[in-house]
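Inspection log for the structure reproduced underneath, given as structure tokens.
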Amino acid sequence: LEQADIGRAVGLVAGTDDDANNQSIIMTARELNPDLFVVPRANHLDNQELFDAVDAHIVMHPSSIDANRIRVLLATPLLTEFESYALHQEDAWACELVSRIAAIVHEHVPHVWEVQVDDAHAHAVCDSAARGGVVSLGSLLRDPRDRERRLPAIALLFLHNNQRELLPSDEVRLRKGDRVLFCGRVCARTRMRWTLQNIHALNYSMTGGSLPEGAVWRWLSSFRRGKRKGSVSRS
């Protein structure tokens with residue numbers, strides 16, 4: 001520790017596979033530098049009380065980290081594919097992506113989610129496509145409360161008929177069976193669900209208006225159009 005100039009260090013991670021060694025490292029380091037930010041690795045959950053005694057700032061549990069990662073991968077299987085493709089990209093590409101994500105999430109933790117275009121998860125998109133509508137990826141990234149505002153999210157990976165596209169553009173057309181991996185803030189996912197499932201929200205995002213649904217709304221829309229035409233004719 002002295003050879004590593006522990007006296008000038010800001011933080012220390014004790015990450016061996018022996019809990020007793022990690023505790024000893026933390027205790028010795030704190031004697032040399034009481035202001036250290038310390039993070040020990042706890043290999044066995046039964047030893048939690050040992051690390052509580054050294055008053056560590058954060059205790060790293062490999063088993064919990066693995067469990068959380070598995071949980072994320074199960075919920076977003078496209079994330080694994082994205083990571084494998086991203087590993088083969090240039091450093092400049094990675095730096096630009098990190099900058100884009102940082103600009104979107106600011107101080108928030110990035111949230112990753114997957115959208116599957118099917119009747120259960122994207123009813124409005126499937127319904128619009130069945131009617132001949134062209135739903136673009138950019139439509140999902142518009143705020144359904146104000147389409148002039150973009151949701152704080154970006155598309156990381158687009159999958160269509162086993163064809164994959166990294167960082168797809170807003171012009172990409174969505175079809176039933178497609179899958180998209182997004183990254184952004186949690187609020188973006190919540191608002192995107194509204195666009196995915198509500199035909200009025202989707203129409204507003206796409207065109208700025210909402211098509212009337214149901215016999216009463218269609219009648220009212222027709223009645224209003226008739227009144228406007230009558231006013232124009234009289235003038």
Side-chain angles (χ1 to χ4, degrees), residues 72-106 108-211 213:
V72 170
L73 293 178
L74 288 174
T76 54
L78 277 185
L79 181 58
T80 304
E81 294 191 37
F82 173 76
E83 291 177 344
S84 65
Y85 284 110
L87 286 174
H88 295 88
Q89 303 302 312
E90 300 291 336
D91 289 344
W93 180 91
C95 290
E96 181 181 353
L97 177 59
V98 170
S99 297
R100 289 180 61 185
I101 294 175
I104 289 172
V105 301
H106 300 295
H108 298 271
V109 176
H111 181 63
V112 179
W113 70 96
E114 180 180 329
V115 167
Q116 186 163 345
V117 183
D118 57 23
D119 291 324
H121 304 94
H123 172 74
V125 175
C126 292
D127 184 53
S128 179
R131 299 184 187 188
V134 178
V135 182
S136 68
L137 182 59
S139 299
L140 300 186
L141 290 168
R142 293 181 181 274
D143 192 327
R145 304 178 305 178
D146 181 358
R147 69 187 303 270
E148 300 302 321
R149 297 175 56 187
R150 188 178 180 88
L151 292 178
I154 62 172
L156 298 178
L157 182 65
F158 174 70
L159 175 62
H160 172 73
N161 287 342
N162 292 322
Q163 298 295 318
R164 291 155 178 80
E165 182 178 347
L166 282 174
L167 304 182
S169 68
D170 287 357
E171 287 70 34
V172 166
R173 180 178 180 178
L174 296 176
R175 299 175 177 86
K176 193 171 184 178
D178 291 346
R179 294 161 61 194
V180 189
L181 181 68
F182 290 96
C183 177
R185 295 171 60 176
V186 175
C187 64
R189 181 182 187 180
T190 302
R191 295 173 193 172
M192 186 179 291
R193 283 175 179 165
W194 189 17
T195 305
L196 288 166
Q197 297 285 38
N198 187 288
I199 190 65
H200 299 288
L202 177 62
N203 286 332
Y204 171 72
S205 295
M206 293 170 58
T207 67
S210 181
L211 296 177
E213 295 293 322

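Residues take their numbers from the sequence shown, with the count starting at 1.
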So which heavy atom on [X] is nearest to which on [Y], and how close?
X: Thr195; Y: Ala201; value: CA-CB, 4.0 Å
X: Met206; Y: Val134; value: CE-O, 3.4 Å
X: Cys183; Y: Trp113; value: C-CZ3, 4.0 Å
X: Arg173; Y: Phe158; value: O-CZ, 3.8 Å
X: Pro152; Y: Ala188; value: O-CB, 3.7 Å
X: Ala122; Y: Gln116; value: CB-O, 4.0 Å

Side-chain heavy atoms of [X] within contact of [Y], under 4.5 Å:
X: Asp170; Y: Arg150; answer: yes
X: Leu156; Y: Leu97; answer: yes
X: Asp146; Y: Tyr204; answer: yes
X: Leu166; Y: Leu157; answer: yes

Atom pair [atom1]/[atom2] of [X] and [Y] - distance to nearest 0.5 Å:
X: Met192; Y: Ser139; atom1: CE; atom2: OG; answer: 10.5 Å
X: Ile154; Y: Ile101; atom1: CD1; atom2: CD1; answer: 4.5 Å
X: Ser205; Y: Leu141; atom1: OG; atom2: CG; answer: 9.5 Å

> For residues 176-188, which residue pairs qualify under side-chain hydrogen bond (donor to acceptor under 3.5 Å, both in side chains), counting only residues two or more places apart or in two chains?
Replying inline: His108-Arg185, Glu114-Arg179, Asp119-Lys176, His160-Asp178
>> Here's a test for you: under side chain to side chain contact (heavy atoms under 4.5 Å, CB included), which of Leu174, Val117, Asp127, Leu196 qualifies with Val135?
In response: Leu174
Under 3.5 Å, is there a donor-acceptor pair between the side chain of [X] and the main chain of [Y]?
X: Ser99; Y: Cys95; result: yes
X: Asn161; Y: Gln163; result: no
X: Arg191; Y: Arg189; result: no
X: Ser128; Y: Val125; result: no

> Within a radius of less than 6.0 Å around CZ of Arg175, do more than 12 heavy atoms belonging to other residues, nucleotides or ligands occur?
Replying inline: yes
>> Counting only heavy atoms from other residues, nucleotides and ligands, does the tally under 6.0 Å from CD of Gln89 exceed 12?
In response: yes
>> Checking Leu181 against Glu81 for the side-chain contact (heavy atoms from CB on, under 4.5 Å) test, could you report, in this order, the C-alpha distance in whole Å, the side-chain angles of both residues, the deciding distance, and whether it holds?
In response: CA-CA 10 Å; Leu181 181 68; Glu81 294 191 37; over 6 Å; no
> Which word best sums up how the rings of Trp93 and Phe82 line up, parallel for under 30°, tilted for 30 to 60°, or perpendicular for over 60°?
Replying inline: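 Tilted.
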> Side-chain donor-acceptor pair under 3.5 Å between His121 and Asp118, yes or no?
Replying inline: yes
